[in-house]
Every structure is written in C-alpha cells, then in structure tokens.
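The residues of the chain are indexed from 1 along the displayed sequence.
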Amino acid sequence: MTVHHRIEAPKALRVHASDNVAVALADTPAGASIALGAETVSVRMPIPAGHKFALKNIGEDEQVVKYGSPIGLASASISVGEHVHSHNLRTALNDVETYPPFSALASDTQQKLINDTFMGYRRADGRVGVRNEIWILPTVGCVANTAERIAREMNASAASENIDGVYAFLHPFGCSQLGDDLDGTRSILAALSSHPNAAGVLILGLGCESNQLSRLLVSVPEKRRTRIRAFSSQEVEDEFEAGIEAVKELNQCAAEDEREVCKISDLVIGVKCGGSDGFSGLTANPLVGRITDRLTAAGGTSVMTEIPELFGAERPLLQRCASEDVYDRFVTTVNDFKNYFIAHDQPIYENPSPGNIKGGITTLEEKSLGAAQKAGANSVVTDVLRYGELVNQPGLSILESPGNDAVSSTALTAAGATIILFTTGRGTPLGFPAPTIKIASNTSLSERKPRWIDFDAGAVLEAESRETIEEALWRKVIAVASGETTRNEENNERSIAIWKRGVTL
C-alpha cells in the first residue's frame, strides 16, 4: 500500500497563474501531496528544494511555463507530479532575434512623493556619494603592488575621522591592449575616478603602458579633476613616497567633507545576482525589484546589467522602454552581445552555471526571467548604457556588461551605483568598491553564512506580508547609504575586474 505524506502549505509555489510547473520550497519526498490553492498535486519522485515539478501533463516539445513565460521546451513527455529539470527540459533560445516595432507606453509613470532621506556626501558635479574614501587606481598592472603598498601605509597611519579609508583597486590590464579593448579599460578607470563615493583619487601610472595617463585624465569629467592626483612612476625618484604625499593631499581635502541630508532621489543603486538558486527568482530578486520600483518612483535610479542573463527575458523589459531611441539601443545591445558569443563560436545559451543547475535552474530562459525580477514590475527603462558609461537619467538603466560577478559589479560601480544590491542563493564573500548588500534568497544560507549575508530575503516565504520584508530592506538600504557598514566592508572584501575582450600583444 502506498503511503501519501501530507505537506502543509506553503511547501510549493506556483509563481504565475498560467504556469504549468511549481517550485518545491522544501525537500519533498516521493508520494507527497502538495496543495496549491484549490489543486492538490502528488509528486511522483523526490523533489529537491528549489526544483520544479509539473502541474499538468506536458507533451514533448511543448512549452514549459514559469513566471508566466516559456522557460524552454520539454525534451520528453512529462507527467503531472514529475520532476522537471535538465533531463527533460531544454532551451528554446535561438541566435540574434527580430523584435516587434516600438510601442509607446500606455501612460506616463507618475513620480511619487517619498519623504525618506539619507545622509550622503554631495560632490562638485552634483552627484551624491555614500562613503568618503580615498581610492588608488593603477593605470596598469605593473604598478598594482605599489598602489596596494601606498593604501596599506596610509590606512595604518592616523587619518581624519571624516575619511572612511584608503583603498587600492588592482587589475592586471592597461598594457598590450588594442582598440576597443584598451578603450574599455580606460573608460572603466576614468569612470571609477569620478565616482561619488571617492572623496579623492590617486591615479598611479607607470609611464610606458598602452593606457597612457594623459589620455585617461582627459576622460575624467572636469568637475571631478580637482580631487584627482596622478603621476607616472617612471618620472619620479620614489613612486612610493610620491604616492604617500599625493594621498596626504587628498586626505586634507576629504577631511573637509561632511554628510548632509539628501533626498532619496539622489540615490543610485546597482542590482545584481550571483550564485543564483531556485529561490532567487521567487524571493530575493522580486524583493529587490520592489526596491527598484520604489526608488525609481521617487525619482531615484536603479541600474541593471548582465546582458546575457536577460536573453529570453528581454521582451517584457522592452515593453517598458521610455522612448523609441531607448528601445532601439536596448535591442542593439542585446543583439550585439549575442553576436559577441557567435563571433567566438559559443552558443548564446551556454548558461546556467553548475551551481545554478544544482539549485534548480534549468535553462537560460528560466535564469533570465528570474534575474529580470530585479527590474521591478513598474520601473520605466529610461536609458541604455554601454560599458564604461555613466548614469545620466533617473529611472531604470540597462548597462552593457557580461554576467560575471566581479566584471558586472565593477561596471555597475563605474556607472555610478553607490550601493549594490547583490542577491545570491549559494553565497559568495566577494565585494566591490561600492558597499555591497548581500541578500540571501533562502534562510538557510543566511543562517550558515552570517559573515557574508546582510539580509535574509527567504523570510518572505514565511512572512504574513511581503510589504514588511520590503520595508525592512528599504530601511537597510537607507542605513547603508547613511554610513552603516556592509559585510563586504567589514571583511575588507573590495575588488574590481575589467572586461577583457581583445587580443593581447
């Protein structure tokens, strides 16, 4: 006789009414009956937490639907209650696509009056930072260790209480690069040099590198140049002592800066997911999406990147473009990235990662639709930025960058994000120049890695109201913007990575 185990709701989630799969919220034994509204489904095999099971019979080559959109095609017939994963689900993505013509938004989104404020640092160019740090940026990897020595020495010495620290951001590039590849390195370093979290920046050159200091400096906005110090190591007697003196000058300038009350519309956040699992698109990413909606409705800015992790989810976002120009640039950016894969003889759907698959994500469409939740439900796409460009419009900006955590988070920072909301289902200690709020998609991760995780989004599965958790995260963002440290800052996990696309001489 078969024994059926009754599992009390909520033990599974059907994300959208039109979905033909649901997600198990806990490890579920074979034979268990799961209540989903008026339906009860008996699973035919063990379903790991975060994984999918069928709510109806799905024929071979029939669409599998999650988030209300197709996440691929059944590669074999799937029976109701059966585990749905890589053994019976395949991608339906093709190469470069043709998109329908632009259609204007039905109505303008009205800005909402939100009285929340934060304590930030207003810079000469009008942008607002949330930290008052000194940054050291090498033009080339040859002087990276020198930059690190200078930062270490200056942090060990007494500094003004108004300065949050001196940090060197190392990278191996800047020489033996050509064309657009070199331009990309230069544009990222120039953008970081003007970041509002940096009260002052020392750009440390070598002298003979491809990434010439003179060309980099003219790329820095003029209003930020008074807080820049720069020299080539080959042109001074002692580059270490010269660096110490330059940072001391910057410290004196930064010591005069003080936090002031700033409107929430002055805030720029970057939204990012890494080490995603089957819960990321159910808990953490939608929660961040609500922060995006809330911030942009108040006149603030959210920046989303990882273009390859929008493949299969770009169409709903295209419908939210503010203008035909933004729409066309969005389409071009997506197709350019697909052509980047094709030019290197790589399939565009070679994703998710092994960790994603283990966590329950099967196809790139599924990963993308879950990742796109960070864009919110109502935020208007007001701009599309190429790699290394700066934010210049409130609203939701789409930024060109790959999905790699370090590369994309560096690009978000360079674009002007002063805080990064980083969702994760599997965890990572990695941090970036901007304070990085790590948001766990599941409570288990939050409990196992408290020194990595700043916020537990898994709580939304047990909370009586998602609004309560949303408000808690909103308050966390404001607190960090006003000076509260994040785990990555406490652990001194700060790094950059530059997108290397060309040949090396």
Side-chain angles (χ1 to χ4, degrees), residues 111-135 160-165 167 190-201 220-228 250 253-272 288 291-304 379 382-383 385 389-397 399 409-422 432-437 473-486 488-489 494:
Q111 186 169 318
K112 296 179 181 178
L113 178 62
I114 294 180
N115 293 322
D116 289 324
T117 60
F118 68 99
M119 300 298 293
Y121 295 94
R122 192 169 296 281
R123 303 304 183 188
D125 59 1
R127 294 192 295 167
V128 174
V130 303
R131 295 292 183 269
N132 206 43
E133 300 172 340
I134 305 298
W135 290 1
S160 167
E161 61 182 18
N162 284 359
I163 299 170
D164 295 320
Y167 302 102
L192 288 170
S193 298
S194 66
H195 196 277
N197 284 2
V201 175
V220 177
E222 188 172 353
K223 289 184 178 180
R224 291 289 292 173
R225 293 179 196 170
T226 59
R227 292 292 184 94
I228 301 289
L250 293 170
C253 296
E256 300 174 1
D257 299 337
E258 294 184 356
R259 289 188 184 271
E260 62 182 75
V261 177
C262 299
K263 296 179 180 179
I264 205 70
S265 57
D266 290 320
L267 193 59
V268 181
I269 63 170
V271 295
K272 170 79 180 81
V288 167
I291 301 300
T292 288
D293 281 343
R294 194 164 174 172
L295 180 60
T296 59
T301 306
S302 179
V303 189
M304 186 167 74
S379 295
T382 55
D383 205 359
L385 307 172
E389 290 185 342
L390 301 180
V391 164
N392 56 31
Q393 294 285 341
L396 176 63
S397 288
L399 170 65
S409 296
T410 300
L412 285 171
T413 307
T418 51
I419 294 175
I420 294 175
L421 305 188
F422 188 111
F432 310 99
T436 307
I437 301 177
L473 180 55
W474 179 253
R475 293 297 152 196
K476 180 71 173 180
V477 171
I478 291 174
V480 169
S482 299
E484 181 178 290
T485 57
T486 56
N488 81 287
E489 292 178 298
R494 305 163 185 263

- Item | Nearest-0.5 Å distance that lies between atom SG in Cys262 and atom CE in Met119 | 7.5 Å

- At their closest point, which heavy atom of Asp293 faces which heavy atom of Ser379, and how far apart are they? OD1-OG, 2.8 Å

- If you look at every heavy atom in Ser409 and Lys272, which pair is closest and at what distance? OG-CG, 3.7 Å

- Query: Is a salt bridge present between Arg127 and Asp125, judged by a nitrogen-to-oxygen distance below 4.0 Å?
  - Reply: yes

- Message: If I compare all heavy atoms of Thr485 with all of Arg131, which pair ends up nearest, and what's the gap?
- Response: CA-NH2, 4.1 Å

- Message: On a heavy-atom basis, which atom in Pro394 and which in Gly299 lie closest, and how many Å separate them?
- Response: CB-O, 3.4 Å

- Between Ser397 and Val303, is there a donor-acceptor pair closer than 3.5 Å when you use the side chain of the first and the backbone of the second? no

- With the side chain counted from C-beta on, respond yes when Leu390 and Pro221 share a heavy-atom pair under 4.5 Å apart, and no when they do not. yes

- Message: When you measure from the side chain of Asp164 to the backbone of Glu133, do you find a donor-acceptor pair of N or O atoms at a distance under 3.5 Å?
- Response: no

- Test side-chain contact (heavy atoms from CB on, under 4.5 Å) on Arg227 and Cys253 and set out the steps. CA-CA 8 Å; Arg227 292 292 184 94; Cys253 296; 3.6 Å; yes

- Task: To the nearest 0.5 angstrom, please state how far the OG1 atom of Thr410 sits from the CG atom of Leu192.
- Result: 7.0 Å

- Message: side-chain contact (heavy atoms from CB on, under 4.5 Å), that's the test. Do Arg123 and Asp257 meet it? Break it down for me.
- Response: CA-CA 9 Å; Arg123 303 304 183 188; Asp257 299 337; 3.1 Å; yes

- Would you call Ile264 and Trp474 a side-chain contact if the rule is heavy atoms closer than 4.5 Å? yes

- Message: I'd like to know if the side chain of Asn132 and the backbone of Ala254 have a donor-acceptor N/O pair within less than 3.5 Å.
- Response: yes

- Message: Is any side-chain heavy atom of Arg122 closer than 4.5 Å to one of Asp266?
- Response: yes

- Hey, are the side chains of Val220 and Val201 touching, using non-hydrogen atoms and a 4.5 Å cut-off? no

- Point-to-point distance, once rounded to the nearest 0.5 Å, from NZ of Lys263 to CZ of Phe118: 12.0 Å

- If you measure from CZ on Phe432 to CZ on Arg494, what distance do you get to the nearest 0.5 Å? 12.5 Å

- Query: Hey, does Leu399 have a side-chain heavy atom less than 4.5 Å from the side chain of Leu385?
  - Reply: yes

- Option among Ile269, Ile437, Thr436 that satisfies the side chain to side chain contact (heavy atoms under 4.5 Å, CB included) test with Val480: Ile437

- Which pair of heavy atoms, one from Ala255 and one from Asn162, lies closest together, and at what distance? O-ND2, 2.8 Å

- Gap between atom CG of Leu421 and atom CG of Leu473 - 0.5 Å precision: 6.0 Å

- Nearest heavy atoms of Ser302 and Val271, plus distance in Å: OG-CG1, 3.7 Å

- Query: Measuring from Ile291:CD1 to Thr296:OG1, what's the distance to the nearest 0.5 Å?
  - Reply: 11.0 Å

- Are any side-chain N or O atoms of Arg259 and backbone N or O atoms of Val130, one a donor and one an acceptor, separated by less than 3.5 Å? yes

- Side chain to side chain, Asn197 and Pro435, heavy atoms closer than 4.5 Å: yes

- Polar side-chain atom of Ser482 near backbone of Ala479 as donor-acceptor pair, under 3.5 Å: no

- Item | Heavy-atom side-chain contact between His195 and Thr418 under 4.5 Å | yes

- Item | Note, Asp116 side chain near Arg475 side chain (heavy atom, < 4.5 Å) | yes

